[in-house]
Amino acid sequence: MFLNAMYRANVIIFYITEALFLITSWHSDRIRAKTRLRASKEWIDLAEKTADLGIWSWDIARDRFQITEFGRSLYGFASATPINYQGFLMTLHPDDRQPTQLAIQQVLTEKNDYRHEYRVIRQDGSVRWIVTLYRGNFDDAGKPLQLLAASVDVTARKQMEQELKVQQQMLIHITRVTTMGELSGALAHELNQPLAAILCNAQAGQRFLAKTPPDWKELRAIMNDITEADRRASQVVSRLRVLFKKDEVVQQGLHINTLTEEVTKLLHSDLIAKQVSLTLHLADNLQCTIGDPVQLTQVLINLVMNATEAMTSSASGLRQLRICTSLSDTATLEVAVHDTGSGIAPQALEQIFDPFITSKPHSLGMGLTISRIIINAHGGRLWAINNPDRGATLRFTLPITQETSS
Ligand SMILES: Nc1ncnc2c1ncn2[C@@H]1O[C@H](COP(=O)(O)OP(=O)(O)OP(=O)(O)O)[C@@H](O)[C@H]1O
Ligand SMILES: [Mg+2]
């Protein structure tokens, strides 16, 4: 419907151009021009009403705006008040003024139509999203005379997009928490290891303290071990806290190799429990990517968990998980999670990304759907292939950036 409106905007701009042509030929044939001008204005009026378009033009030399009544209501301009360029800019959200100026400048220098979105702040403080299609009108020498524009209010669409985004974030968070719940046994074990080491060391310390004289050298070594185990335990807790938190999406420079290593540390106990051997092939020439570390961690966890689950039916010596990172081209990095599991039926290679597709009795079938949403939102691609020998490989790409990670 919106595209339809923009198509009509194009048609209407054509009519405005026509009408302006008639105005300029005013002197040569005043009466005929008058009649045709009236007809053109009626056309514009009719089209404007059907498409909910506000139509306006800016006479550059005189710095005067011509705007239809409906256009005035879109921008919140009072009836009959003269409008100039500065007055127009002042109705826009402060953050959108400079981009709008640049967009208009571009239309007038490059002589191309241009579609631009911005926010308008009405007198009552309410904010409306407007999309405008601009076209320049030039003299024979190419000098810009006028800017023609058709604006449409897209606030409802913007609000829907925003609500969808919020719901998507909630879904991403809920599925992440669910995944962490599934891993709770392995994670408790991961935490238990340093805690058991601390207990063991503390008991040994008590024994060395009871000696006369106490064995200070041993005690010092024990203290170091306790500190180290405590650090490991708090690393596990902080990794988990980050994944459970429901924060705003953060975009930052990050290294995919570091994220991959973090994920394998987190899933270490789960892999051991499932008798999966892990090999990492991390390319050392990888640049940063921009993204949300928590969401990308979520993708890696999903892929690794799927791979290990697909290998449960393989003989324990055959459960091999290989995670490779590489440079796919100068602007893209690639992560591949290879397994030696059951593989994927050829007709299901694409279906597995649909929601609620699962072969597991107690699963939701949302892991890959969410992972694809996340990767797409990062400007990458996620897909599955079967390995020539055994199992499947899930691959994703991400754009790389020159920025350094924080
Ligand atoms: N590496 C893999 N090898 C074989 N089949 C796989 C692999 N990864 C995914 N699948 C198939 O795709 C289905 C969908 O995966 P997805 O991660 O979306 O959901 P799930 O793992 O079943 O449930 P959850 O919502 O807990 O992730 C799986 O049930 C499985 O049948
Ligand atoms: Mg899954």
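Just so it is clear, the model here is predicted, and its values are computed rather than measured. Counting starts at 1 for both ligands and their atoms, in listed order. This chain uses plain numbering: 1 for the first residue, then up along the sequence.
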Taking the six-membered ring of Phe138 as reference, does the NZ or CZ atom of Lys111 fall below 6.0 Å from its centre and within a 45° cone about the axis?
-> yes
Identity of the nearest option to atom 6 (C) of ligand 1, non-hydrogen atoms only, from Thr369, Asn306, Ile344 = Ile344
Sub-4.0 Å protein heavy atom near atom 18 (O) of ligand 1 = yes
Going by heavy-atom distance to atom 11 (C) of ligand 1, choose the closest among Thr178, Thr175, Leu349, Ile352.
-> Ile352
Note: heavy atom closest to atom 13 (C) of ligand 1, options Ile357, Asn302, Asp354, belongs to Ile357
Should Leu398 and Leu296 count as side-chain neighbours, where that means a heavy-atom distance under 4.5 Å?
-> yes
Min N/O separation Leu368 to ligand 1 under 3.5 Å = yes
With heavy atoms of Ala310 as the reference, note each atom of ligand 1 found under 4.0 Å away.
-> 2 (C), 3 (N), 4 (C)
Can a donor-acceptor pair be found between the side chains of Tyr114 and Thr132 at a distance below 3.5 Å?
-> no
Leu266 and Glu261: side chain to side chain contact (heavy atoms under 4.5 Å, CB included), yes or no, with the steps?
-> CA-CA 9 Å; Leu266 196 70; Glu261 281 168 337; over 6 Å; no
N or O contact, Leu394 vs ligand 1, cut-off under 3.5 Å = no
Looking at ligand 1, does any of its N/O atoms fall within less than 3.5 Å of an N/O of Ala392?
-> no
Give the contacting part of Met305 toward ligand 1: side chain, backbone, both or neither, where contact means a heavy-atom distance below 4.0 Å.
-> neither
Stepwise salt bridge (charged side-chain N to carboxylate O under 4.0 Å, His left out) check, Arg119 with Glu117 | CA-CA 7 Å; Arg119 286 158 292 178; Glu117 275 186 14; over 6 Å; no
Hey, does Ser342 come in under 3.5 Å of ligand 1, counting only N/O atoms on both sides?
-> no
Do the side-chain N and O atoms of Gln169 and Gln295 include a donor-acceptor pair separated by under 3.5 angstrom?
-> yes
